[in-house]
Number of protein chains: 2
Amino acid sequence: MIALTAAKKLPKHEEIRIQLENKMRSDSYKTGSKLPPEIELSAEYNVSRSTIRQALRSLEEKGLINRKSGHGTTVMPMINTEIQKLSSFSEDMLSRGYVPSSKLLDIQLIDAPLHVQEAFKIKNKKVWYLKRLRFADDKVIALQLLYIPPNLPIQLNDLVEMESYYELLESKLNIKVHSATETLSARKAENEEKELLQTEDTVIEFDRITYSNNAECVEYIRGIYLASQYKYQFKLIRDN
Amino acid sequence: MIALTAAKKLPKHEEIRIQLENKMRSDSYKTGSKLPPEIELSAEYNVSRSTIRQALRSLEEKGLINRKSGHGTTVMPMINTEIQKLSSFSEDMLSRGYVPSSKLLDIQLIDAPLHVQEAFKIKNKKVWYLKRLRFADDKVIALQLLYIPPNLPIQLNDLVEMESYYELLESKLNIKVHSATETLSARKAENEEKELLQTEDTVIEFDRITYSNNAECVEYIRGIYLASQYKYQFKLIRDN
DNA sequence: TCAAACCAAATGTTCGTACATTTGTCAAGG
DNA sequence: CCTTGACAAATGTACGAACATTTGGTTTGA
């Protein structure tokens, strides 16, 4: 007995969070005005105050509301931008409304470069190295250099046919991606990049080190993006 | 009776969060290992499970731990990078270990450009416009174009002597900065920028729209950063 | 008039309880 | 050998109560 459209029942706090978010987006609760106090909400939704607070906390994390002790809860502007979450190139492009694709230029087992050794905490071991061109709706966007640590149970075949590395990790290997540190810089395109990206212009370089759920490093990836084609957008919240 | 070093008493969950964080950083709890279950922690710290869960939630938000229902809580790698929070140029530079300073190049009341009108939701109104060069340890880093909406009670004097705009807002005007949307792009330096930043090279452009606690827009700022001198570093967490 | 004291309203903290759900393990059965 | 089922352990959900703290407005007194 399996329902194909899983339609899992959401917990109350999630349900309420969504309803409140909708009301804010539809201007039932207007930007700059105040949400009803927690006790009123708990009466309105027939749940305990703790449950309301769970929903509000989640909205606060997203920056959609501002809570102030002794004052109340203010509805913040509903901006299209979201807090930046960790996503793969494929997911990033899809969320922007493009169809991602890729072309494998090179794949080897190589001695890890120094910066990769550091990230993986290894010495004198071979790592997978993939050089790929990345496209959005068949327009070239980026060049990616991907390094994969040696301890993962990955076969050449997996990599050759792979479209998204995160997809491979999470679906096929059941390794869940958790977080990453990223360093962004910008510079002129160099040598080979000029040719591959067909530009004489500026590129944005992302260096990302990614960790799995069980605290293992699962990739070092350098993405060289065409600055003319790529903007990075995000939302920031102030620390209080 | 005022204690000069305020030393405000922290709530228990904060205290515990800090202690756990310290233990993780000092390798008492090692990366990749598991934290004791919530019930044990609540016994160890003599608090209720709810309080422990509050502490853990906060660590989870920072990406320092990973919790999994039915499994446990895993200690994630203690990386120096943090989740990016909204900060001013001054704060940013200070956190990087530099002394920030600035040179005012231009200050006027002008007709807002179109993109600023949109952000401020105004029409045919004058806004403050400041052009400033920004330095770190007396080395030029960025050129900033700051637009300030007309409804704020700001005098020319405030602006001329201002070092940090957020500082002015929060300390002098008691307007708390809450969040911002930012768009990042990269390109070659143009005309005037070349001269002011003393470069022929690449710049990173940040466009930021900032909101206060009460959902009012308080700035539109464009920062043009020397790419050779500025790297943007951040931590990303995956959505689950 | 103005500052201090007070007060009501709102969010924050903390406790405790009970049950639900998820996960990994281990043993039984085909 | 491999699937299935049972079980224990862990986090997740939900309730409710009591009190603390912060905030903003109001009242009061010099």
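Reminder, nothing fancy here: chain letters follow the sequence lines and each chain counts from 1.
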Output the rounded distance in Å from [atom1] ([X]) to [atom2] ([N]).
X	N	atom1	atom2	result
B:I65	D:dA10	CD1	C1'	13 Å
A:N66	C:dA10	CG	P	16 Å
A:H71	D:dG24	NE2	C1'	9 Å
B:N214	D:dT23	CG	C1'	14 Å
A:N213	D:dT11	CG	P	14 Å
B:L41	D:dA9	CG	P	17 Å
B:K176	D:dT22	NZ	P	14 Å

According to the interplanar angle, ranging from 0 to 90°, do the rings of B:Y147 and B:Y129 count as parallel (below 30°), tilted (30 to 60°) or perpendicular (above 60°)?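 The arrangement is tilted - the two ring planes meet at 30° to 60°.
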
Output a table of nitrogen or oxygen pairs between the protein and nucleotides 12-19 of chain C separated by less than 3.5 Å.
residue : atom : partner : partner atom : Å
C:dG12  : OP2  : A:R53   : NH1          : 2.8
C:dG12  : OP2  : A:R53   : NH2          : 3.3
C:dG12  : OP2  : A:R67   : NH2          : 3.2
C:dG12  : N7   : A:R49   : NH2          : 2.7
C:dG12  : O6   : A:R49   : NH1          : 3.1
C:dT13  : OP1  : B:H13   : NE2          : 3.3
C:dT14  : OP1  : B:K12   : N            : 2.5
C:dT14  : OP2  : B:K12   : N            : 3.1
C:dT14  : OP2  : B:H13   : N            : 3.2
C:dC15  : OP1  : B:K12   : NZ           : 2.9
C:dC15  : OP2  : B:S48   : N            : 3.0
C:dC15  : OP2  : B:S48   : OG           : 3.3
C:dC15  : OP2  : B:T51   : OG1          : 2.4

Does a side-chain N-to-carboxylate-O contact under 4.0 Å join A:R238 and B:E170?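 Salt bridge: yes.
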
Worked check of side chain to side chain contact (heavy atoms under 4.5 Å, CB included) between B:E44 and B:I16: CA-CA 11 Å; B:E44 185 182 334; B:I16 292 169; over 6 Å; no

Side chains of [X] and [Y], heavy atoms from C-beta outward: is any pair under 4.5 Å?
X	Y	answer
A:V127	A:I110	yes
B:L168	B:I154	yes
B:L86	B:R208	yes

